[in-house]
Amino acid sequence: MKLYEQYPVSLSNSLSGKKELFKPIIPGFVGMYVCGPTVYNNVHLGNTRTFLTFDIISRYFRFLGYKVRYVRNITDVGHLENDDDQGEDKIGKKARLEQLEPMEVVKKYTEDFHSVMRQFNILPPSIEPTATGHIVEQIEITKKLLDLGLAYEVNGSVYFDVKKYHQSHSYGILSGRNIEELIESGRDLDSQDEKRDKIDFALWKKASPSHIMRWPSPWGDGFPGWHIECTVMSTKYLGEQFDIHGGGMDLKFPHHECEIAQGTGANGKAPVHYWIHSNMLTVNGQKMSKSLGNSFLPSELFSGSHPMLQRGYTPMAVRFFMLQSHYSSTLDFSNEALQAAEKGYKKLSSALKTLRELSHPGTSMPDPSANESLESLVQTCYKEMSDDFNTAKTLAVLFEMASRINDMKSGNLPLSSLEVENFNSFANAYTGFMENVLGLKEESGSDEKLLDGTIGVLIGLRKKARADRNFALSDKIRDELKSIGIQLKDGKDGEITWSAE
RNA sequence: GGUCUCGUGGCCGAGUGGCUAGGCUGAGCUCUGCAAAAGCUCCUACAGCGGUUCGAAUCCGCUCGAGACCUCCA
């Protein structure tokens, strides 16, 4: 029996608004598409929360034995600065501001994005397609939508006809919008508009003479609209219908709504079975975003160089911080919360280290209830993760397991009372959920080995001093190490371990 | 204005009808030459007011407060 059969996953589907049992289209396989970053600027911390969420989801599916194809795009063209202007796009604008080629901008911020992802231990997707790499496909689907009568061309631009689409399908099913209300109550556009209706959206935009990102098309030189790239790339790599589409909550409308309309319009069927939206990171209760100016960069977070930060925090502490809340809730950022998270993470991390150093001596006095309670903790980890990827609850179980690991070390829970099979299952679960599922890896400096050896010498001296009952010297060794950030810990058996603060 | 979400103990945060998550902080105990670490214990909450129910943080209504989307945003 496969793990995914043993622990079936249920998830919150934004489309139905309910928690549903996950059933893949092809048994044993998961196809997942997530809207990636627009690479015209550095990713900020809020962005990374979304990518962390889907990192966890793809990790857990794989952990359960699914074969996962995870596609996350790079948007390197096409975001309109304003929907009603003459097609200023963010990449192009940034290029002019910095006197760079558009692809230089794209390259620079793509590198930044990847570097941040690596620091947070967010695994790369299976495929990371770019919008500019799929111009041909975007033109093709636009032609198809024109042929189907779901789009129209005006002055070299092509727009999706939402009203027309709504006649045979339903526009607004994801976001719960009512098309009549959208038409009536939406904001008025300042300038004259080529669109028949303000809710129509661009599939292809004509490039003004000064526009630097442009491609030839049947309608003249231009560039693709924002929404169409995701439809094209998800369809190409995952099929006309696939299992999961994810992204930040703020993309629900209009972006994902438009994707549904385009995909359904072009292919005659709804593209996605399960929509998953991760919620926003907030600062003092307000959404973190570039436009509000309350965002900060991961690099500022690590170094503590942002004015809002009391000090720097390590990537794993931040990762842990985010995993303590559920992805569907907003998460408020604060120094206090991060400091608490850092301590919590260290506790779990040091238990992992402790666990690695334990070795089972063989079962000599089996204790069925101890074995049973350990096994139940293992089961609970799976149960909580399978319940809508509840990382917060899973962490709670891991803390319980960490306490048991410390008991094993101290002798409160003798290893000899545990069946070897049970102990291994427990150890594999703790390690697996920490490292593979939650991606909480150990953070250690590169000089750790050298330092370990050096401190080993000092520990030897302290042992000798203690054996001689020369406590003045043994305390001096400990206190002076403490003052430079090295904490010595005496064990019951006379062994001394150390940790860096 | 329209649509929607949320309001949990000192702090952060799970939880959706009964079985009082967890982390951090604070207090105490055990262990220790003294510490640290670790283990254990305690501080037990659900914005307010009504209602449904044998029973509500959890369902319904109202009030107050905060926020999101409706324009680019993860």
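First the proteins, then the strands, lettered A, B, ... as listed; each starts at 1. These numbers were taken from a predicted model, which means no experiment stands behind them.
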- prompt: Counting only Watson-Crick or G-U wobble pairs whose two distances fall under 3.5 Å, which nucleotide matches rC40(B)?
  reply: rG28(B)
- prompt: Below 4.0 angstrom from OP1 or OP2 of rC69(B), is there any side-chain N or O of K287(A)?
  reply: yes
task: Could you check whether K343(A) gets within reach of a base, just the sugar-phosphate, or nothing at all, counting any heavy atom under 4.0 Å?
output: sugar-phosphate
task: Let me see the working for Y33(A) and Y70(A) under ring pair (Phe, Tyr, Trp, His ring centres under 6.0 Å), right down to the final yes or no.
output: CA-CA 6 Å; Y33(A) 186 90; Y70(A) 173 19; 9.0 Å; no
Earlier contact from the 5' end, RNA chain B, for K489(A) and S325(A): S325(A)
field: Spacing of the C1' atoms in rU58(B) and rA21(B) (rounded, Å)
entry: 15 Å
- request: Name the pairing partner of rC49(B), where a pair is Watson-Crick or G-U wobble with both distances under 3.5 Å, or state none.
  value: rG61(B)
- prompt: Are the aromatic rings of Y345(A) and F321(A) close, with centres under 6.0 Å apart?
  reply: no
- request: Tell me what A337(A) touches on the nucleic acid: a base, only sugar-phosphate, or nothing, going by heavy atoms under 4.0 Å.
  value: sugar-phosphate
- prompt: How long is the line joining CG of D387(A) and P of rG15(B), in whole Å?
  reply: 8 Å
message: Stacking between rG33(B) and F471(A), yes or no? Criterion: centroid separation under 5.5 angstrom, plane angle under 30 degrees.
response: yes
message: Measuring only the P atom in each nucleotide, how far is rC59(B) from rA68(B)? A whole number of Å is fine.
response: 24 Å
field: Under 3.5 Å donor-acceptor pair, D490(A) side-chain atoms to rC34(B) base atoms
entry: yes
query: For the base of rC4(B), is there a side-chain donor-acceptor partner from R177(A) under 3.5 Å away?
result: no
Sugar-phosphate, base or nothing in reach of Q324(A), heavy atoms under 4.0 Å: base
- request: Could you tell me whether S350(A) contacts a base, only the sugar-phosphate backbone, or nothing, with contacts defined as non-hydrogen atoms closer than 4.0 Å?
  value: nothing
- request: With heavy atoms under 4.0 Å as the rule, sort G247(A) into base, sugar-phosphate or nothing.
  value: sugar-phosphate
Rounded distance in Å - CG (L331(A)) to P (rG22(B)): 20 Å
field: Rounded interatomic separation in angstrom, taking NZ from K409(A) and C1' from rG39(B)
entry: 13 Å
message: Do K252(A) and S14(A) pair up side chain to side chain, a donor and an acceptor below 3.5 Å, judged on atom types alone?
response: no
Mate of rG67(B) where both pairing distances stay under 3.5 Å, Watson-Crick or G-U: rC4(B)
- request: Name the pairing partner of rA56(B), where a pair is Watson-Crick or G-U wobble with both distances under 3.5 Å, or state none.
  value: none
field: Atom-pair distance (CG on D388(A); C1' on rG15(B)), nearest Å
entry: 13 Å
- request: Can you tell me, in whole Å, how much space there is between the P of rG26(B) and that of rC31(B)?
  value: 23 Å
message: Between rA35(B) and rU44(B), how many Å separate the two P atoms, rounded to a whole number?
response: 29 Å
- prompt: Going from OG1 on T431(A) to CZ on F426(A), what distance comes out if it is rounded to the nearest 0.5 angstrom?
  reply: 9.0 Å
query: Less than 3.5 Å between a donor and an acceptor, one on the side chain of N470(A) and one on the base of rG33(B), is that the case here?
result: no
message: What's the gap between rA45(B) and rC54(B) when it is taken at their P atoms, as a whole Å value?
response: 25 Å
message: For the C1' atoms, the ones on rG48(B) and on rA37(B), what distance do you get once it is rounded to whole angstrom?
response: 45 Å
field: Between rG50(B) and rG17(B) - P atom distance, rounded Å
entry: 25 Å
C1' gap between rG67(B) and rC29(B), integer Å: 44 Å
- prompt: Has N406(A) got a side-chain N or O lying under 4.0 Å from the OP1 or OP2 atom of rG39(B)?
  reply: yes
query: What nucleic acid atoms does D332(A) come within less than 4.0 Å of, heavy atoms only: base, sugar-phosphate, or nothing?
result: sugar-phosphate
Rounded distance (Å) that lies between atom P of rA35(B) and atom NZ of K476(A): 21 Å
query: Touch check for S278(A), heavy atoms < 4.0 angstrom, all strands: base, sugar-phosphate only, or nothing?
result: nothing
message: Using a 3.5 Å distance criterion without hydrogens, assess whether the side chain of T75(A) forms a donor-acceptor pair with backbone atoms of T38(A).
response: no
message: Within this structure, what is the OG1-CD distance for the pair T231(A) and Q262(A), rounded to the nearest 0.5 Å?
response: 4.0 Å
message: Check the orientation of H227(A) and H255(A). Use parallel for under 30°, tilted for 30 to 60°, and perpendicular for over 60°.
response: tilted
message: When both hydrogen-bonding distances must be under 3.5 Å and the geometry is Watson-Crick or G-U wobble, what is rA14(B) paired with, if anything?
response: none
message: Can you identify which nucleotide, out of rA74(B), rG33(B), rC70(B), has its nearest atom closest to the L251(A) side chain?
response: rA74(B)
query: When you check the phosphate oxygens OP1 and OP2 of rA14(B), does a side-chain N or O of S329(A) lie under 4.0 Å from one of them?
result: yes
message: Looking at S349(A), is its backbone amide N or carbonyl O close enough to the side chain of E442(A) to form a donor-acceptor pair, meaning the two atoms are under 3.5 Å apart?
response: no
query: Which part of the nucleic acid, if any, lies within contact of S499(A), taking any heavy atom under 4.0 Å across all strands shown: a base, the sugar-phosphate backbone alone, or nothing?
result: nothing
- prompt: Whole Å only: how far is the CG atom of N294(A) from the C1' atom of rG67(B)?
  reply: 13 Å
- prompt: Taking only side-chain nitrogens and oxygens of S291(A), does any of them come within less than 4.0 Å of OP1 or OP2 of rC72(B)?
  reply: no
message: When you measure from the side-chain N and O atoms of K393(A) to the phosphate of rG13(B), is any distance below 4.0 Å, counting only OP1 and OP2?
response: no
- request: Take atom CG of N47(A) and atom P of rA74(B), then tell me their distance rounded to the nearest Å.
  value: 5 Å
statement: Which of rU16(B), rA74(B), rC70(B) is nearest the side chain of K19(A)? It is rU16(B)
- request: Determine: side-chain N/O of R404(A) to OP1/OP2 of rA38(B), distance under 4.0 Å, yes or no.
  value: no
field: Base rA74(B) to side chain R49(A), donor-acceptor N/O within 3.5 Å cut-off
entry: no
Nearest-Å distance for atom pair CZ/P, residues F253(A) and rG2(B): 17 Å
H360(A) to L418(A) - nearest heavy-atom pair and separation: NE2-O, 2.7 Å
- prompt: Under 4.0 angstrom, heavy atoms only, what part of the nucleic acid is L398(A) near: base, sugar-phosphate, or nothing?
  reply: nothing
message: Counting the atoms with a prime plus P, OP1 and OP2 as sugar-phosphate, which does L338(A) contact under 4.0 Å by heavy atoms, base, sugar-phosphate, or nothing?
response: nothing
- prompt: Which of these nucleotides, rG33(B), rG15(B), rU16(B), is closest to any side-chain atom of N390(A)?
  reply: rG15(B)
- prompt: Can you find a side-chain donor-acceptor pair between T282(A) and D332(A) that sits under 3.5 Å?
  reply: yes
- line: By nearest-heavy-atom nucleotide on RNA chain B, the more 5' of A392(A) and H255(A) is A392(A)
message: Heavy atoms from C-beta onward define the side chain here; which of rG39(B), rA14(B), rC70(B) lies closest to that of H326(A)?
response: rA14(B)
